[in-house]
Amino acid sequence: MAKVVIIGAGGVGTVVAHKCAQHPEVFTEVVIASRTRSKCEAIVEAIGKPNFSADVVDADSVPQLVELFHRHKPELVINVALPYQDLTIMDACLLCGVNYLDTANYEPKDEAHFEYSWQWAYKQRFEDAGLTAILGCGFDPGVSGVFTAYAAKHYFSEMQTLDIVDCNGGDHGKAFATNFNPEINIREITQNGRFYKDGEWITTGPLEIHQTLTYPNIGERESYMMYHEELESLVKNFPSIRQARFWMTFGQEYLTHLRVIQNIGMARIDEIDYNGQKIVPLQFLKAVLPNPQDLGENYHGETSIGCRIAGLDKEGKPLTYYIWNNCSHEAAYKETGMQAVSYTTGVPAMVGAMMFLTGKWVRPGVNNVEEFDPDPFLAELAKDGLPWNESFNIDLEVK
């Protein structure tokens, strides 16, 4: 049906490519491009299908991206590169008439600042060009937004509180490792927290607020409130929400390592001089930490991510609702060679691309996932390895 270019050959890019290969009726040609051609070629070789090819591009360079798009003429770009590169890729899409999808919002390199304003500013330009841009189509952001839209469509007349809960109950056997790009992961976790309440954003210290929550098939885990980008779009698109928060689990050993990394300055994102060379400490740390792509083989356990929502049902009666997915690290690795954190991001990106290419999610402009019909997306998601569950009027354990 269409040709796509996947930009990024990390763990998520690997999963996206493998899942596209399972749907040749939709993804008739797939090009995988990143700075390192050998990484792209390795994915193509592992998939072993003639409609897959590798290329090279520096996603920081609009001219290189334009040359890539002109050469391949894709209908859609699936951006699973670094969040710093969202705007250059969007610029190139506008110049070449290519539709766009990503999994994380833009952030500047020199500041750990997460905000959709930079990408929302492209709305009119994409509308005028007749191009669709789909933002945040991973799991969280991504499926978390679709879950919320599904709840609003089918169960609620008024959603009042939203808690997105994310637990990685797996064990990779390493003393310290991040489950996705260490540079992005550590920047995200060490920034101040924020949550939405009664029309205002309230700032907290990094991981300052925490409580014990119970996750399906995993049990009790200490969960820390932090800021996550989908909160910004969800309170905008569902204005009845009075309170919106995001919770993620971390083990004590992980947090101890993180404190040491911060205390010794290795989480810094500003340049320092080292033997006459300019280096960024966090980028150096990334180079010596375990590669998230290599964690899958010995990863055991599962992830559990969902939305806990309270409000009024379609008849105006109080309703609490929990919708979630659990994903096995072992099953994800067996299918794609990657662990569940990469899998739960890569599968929704492929499904979102499928929604666009089959005409179900087409809307010129810049759109967050919750602005589209959730039903076909969730139906396909369940078929493609991420089945979901729901419970009603249970104790959500979020106080």
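Values below: all heavy atoms of this structure, side chains included; hydrogens, waters and symmetry mates excluded. Predicted model, so just to flag it, every value in this text is computed and none were measured.
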Stacked cation flag Arg308 on Phe392, 6.0 angstrom / 45 deg: no
- prompt: Think Arg363 forms a cation-pi with Phe372, using NZ or CZ under 6.0 Å from the six-ring centre and within 45 degrees of its axis?
  reply: yes
- request: Report yes if the distance between the aromatic ring centroids of Tyr333 and His329 is under 6.0 Å, otherwise no.
  value: no
query: Is the distance between the ring centroids of Trp247 and Tyr215 less than 6.0 Å?
result: no
Parallel, tilted or perpendicular: ring planes of Tyr322 versus Trp324, cut at 30 and 60 degrees: parallel
- request: Give the ring-plane orientation class for His228 versus Phe246, where under 30° counts as parallel, over 60° as perpendicular and anything between as tilted.
  value: parallel
- prompt: What's the verdict on side chain to side chain donor-acceptor pair (under 3.5 Å) for Lys19 and Tyr343, showing C-alpha distance, side-chain angles and the deciding distance?
  reply: CA-CA 10 Å; Lys19 300 305 287 191; Tyr343 191 87; 3.3 Å; yes
- request: Answer with yes or no whether the side chains of Gln64 and Asp58 bring together a donor and an acceptor at under 3.5 Å.
  value: no
task: Just jot down the side-chain contact (heavy atoms from CB on, under 4.5 Å) partners of Asn393, sequence neighbours excluded, or say none.
output: Leu319, Thr320
task: Please test Tyr196 against Trp201 for ring pair (Phe, Tyr, Trp, His ring centres under 6.0 Å), starting from the C-alpha separation and ending with a verdict.
output: CA-CA 5 Å; Tyr196 182 82; Trp201 289 100; 5.2 Å; yes
query: Which pair of non-hydrogen atoms, one from Asn326 and one from Pro216, has the smallest distance, and what is that distance?
result: ND2-O, 2.7 Å
task: Grab the two heavy atoms, one from Pro83 and one from Tyr106, that are nearest each other, plus how far apart they are.
output: O-CD1, 3.3 Å
- prompt: Can you find a pair of side-chain heavy atoms, one from Phe126 and one from Met90, that are under 4.5 Å apart?
  reply: yes
- prompt: Do Leu87 and Leu68 share a hydrophobic cluster (ILVMFWY, side-chain heavy atoms under 4.5 Å, transitive)?
  reply: yes
query: Are any of the side-chain nitrogens in Glu232 or Lys236 under 4.0 Å away from the carboxylate oxygens of its partner?
result: no
field: Pair Asp163 + Arg245, salt bridge at N-O below 4.0 Å
entry: yes
message: Walk me through whether Trp388 and Tyr150 qualify under ring pair (Phe, Tyr, Trp, His ring centres under 6.0 Å).
response: CA-CA 12 Å; Trp388 43 277; Tyr150 184 83; 5.2 Å; yes
